[in-house]
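Some notes on the structure that comes next.
Whatever order the structure lists them in is the order used to number ligands and atoms, beginning at 1. In what follows, every heavy atom counts, from backbone to side chain, and hydrogens, waters and symmetry copies are set aside. Note that the coordinates shown come from a computational prediction; the quantities given were computed from them, not determined experimentally.
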Amino acid sequence: MEILDGKKIREELLNELTERKNDNLSLAVIQIGHDEASSIYIGQKEKMCQNLNIEFKHYNLEDNVTNDEVINLINKLNNDDTTGILLQLPIPKHLDEQRILNTIDYRKDVDGLTNANVANLALDEPGLVPCTPKGVMTLLNRYNINLEGKNAVIVGRSNLVGKPLFNLMLNKNATVTLCHSKTKNLKEHTLKADILVAAVGKPKFITKEFVKEGAVVIDVGISRVDGKVVGDVDFENVKDLTSYITPVPGGVGPMTIASLAENIFEANKLQK
Ligand code: NAP
């Protein structure tokens, strides 16, 4: 069993990007309200930007902001020299999330969530890809884990993780199965997985009964249990069965921020 070390790969990636330093890059983060977890994630993004000399612009709008007010701000950022625009999710329920996201110029959409970028990914055309699934692919790639012809099984079909990862893996010629809460006999699927991805949000959900011997196991989950960060995979129970496994913390999490950094550089290229 070998650990897929997200922290190590993140450092490698960020060092590579440091060498490509470009004084003209900037990231605008739009936060609506004062959600504590969102503020922590934004703080991590700010630190990454500082390290890479990327100008960081934080727009913190009040909870009661209207769709039009958010859209006006995005239109302004679309038309100035901002490189990347990111709407920090979740946003308050009274706002039309997909309409607001779709206002972002797809070439500045560093979270890869506009309809245009969803289509680009599905069609395997150039565009920007959501950071967490992109990070999973980078991690596999850096450990020379080839997907061609492999059975990849993803548990969880969110727009943020499961669905884009499905397309990314399909584009790399894996045979991909996407499972969700209505999937019958989940084990029958996961036991066929050469590469098993858990993106469920249920702590220690995947135990060894779900895992084929020699499988690569990727744990996207992040939950807090008794003040500790826990993944969707019961790591201790599963690890000896696997060929490679990501720890939580220290696996996919660090890759997400590294992918955001990459997306800012890619956004700059797309705009050229
Ligand atoms: P989500 O939107 O809540 O989606 C969870 C998915 O799991 C849904 O598709 C759901 O199915 C499926 N599911 C729930 N119970 C299931 C069951 N018993 N069997 C099979 N499938 C089941 O979550 P998400 O945004 O994708 O996030 C998933 C986890 O990853 C969370 O812990 C989140 O915190 C973490 N996360 C981590 C990062 C990172 O940087 N590492 C980034 C994003 C998310 P239905 O669609 O049928 O409801």
Take atom [atom1] in [X]; do more than 12 heavy atoms of anything else shown fall under 6.0 Å from it?
X      : atom1 : answer
Phe56  : CZ    : yes
Lys7   : NZ    : no
Lys172 : NZ    : no
Lys57  : NZ    : yes

I'd like to know if [X] pairs up with [Y] as an ion pair, taking the criterion as any Lys NZ or Arg NE/NH1/NH2 lying under 4.0 Å from an Asp or Glu carboxylate oxygen.
X      : Y      : value
Asp232 : Lys204 : no
Lys134 : Asp111 : no
Asp105 : Arg107 : yes
Glu16  : Arg142 : yes

Check your understanding: Would you say the side-chain atoms of Asp96 and Asn67 include a donor-acceptor pair closer than 3.5 Å?
Key -> no

Point to revise | Side-chain donor-acceptor contact under 3.5 Å, Glu69 with Thr66 | key: yes

Could you list the atoms of ligand 1 found under 4.0 angstrom from a heavy atom of [X]?
X      : result
Val161 : 26 (O), 43 (C)
Val200 : 5 (C), 7 (O), 13 (N), 14 (C), 15 (N), 16 (C), 22 (C), 28 (C)
Phe205 : 17 (C), 18 (N), 19 (N)
Lys202 : 15 (N), 18 (N)
Val155 : 20 (C), 21 (N)

Review point. Mind checking whether Ala199 has a heavy atom under 4.0 Å from ligand 1?
Key: yes

Exercise for review: Look at ligand 1 and say whether Cys179 reaches it with a heavy atom at a distance under 4.0 Å.
Suggested key: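 It does not; every heavy atom stays at 4.0 Å or beyond.
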
Practice item. Pick, from Ala198, Gly156, Gly162, Gly253, the option with the minimum heavy-atom distance to atom 6 (C) of ligand 1. Key: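 Checking each option, the heavy atom nearest atom 6 (C) of ligand 1 is found in Gly156.
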
Review point. Are Ser39 and Gln31 close enough, and set up right, to give a side-chain hydrogen bond (donor to acceptor under 3.5 Å, both in side chains), and what steps lead you there?
Key: CA-CA 8 Å; Ser39 296; Gln31 179 179 15; 3.1 Å; yes

[atom] [closest protein heavy-atom partner, distance rounded to 0.1 Å]:
atom                    : answer
atom 9 (O) of ligand 1  : Arg157 N, 2.8 Å
atom 42 (C) of ligand 1 : Thr132 OG1, 3.1 Å
atom 11 (O) of ligand 1 : Ser181 N, 3.1 Å
atom 23 (O) of ligand 1 : Ser158 CB, 4.4 Å
atom 20 (C) of ligand 1 : His180 O, 3.2 Å
atom 31 (C) of ligand 1 : Gly201 CA, 3.6 Å

**Study point:** Short N or O distance, Ile222 and ligand 1, threshold 3.5 Å exclusive
**Key:** yes

Review point. Taking N or O atoms only and a 3.5 Å limit, does Thr256 qualify as a polar contact for ligand 1?
Key: yes

Review point. Between Val220 and ligand 1, which residue portion shows a heavy-atom distance shorter than 4.0 Å: side chain, backbone, both, or neither?
Key: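 Val220 to ligand 1: contacts from backbone and side chain alike.
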
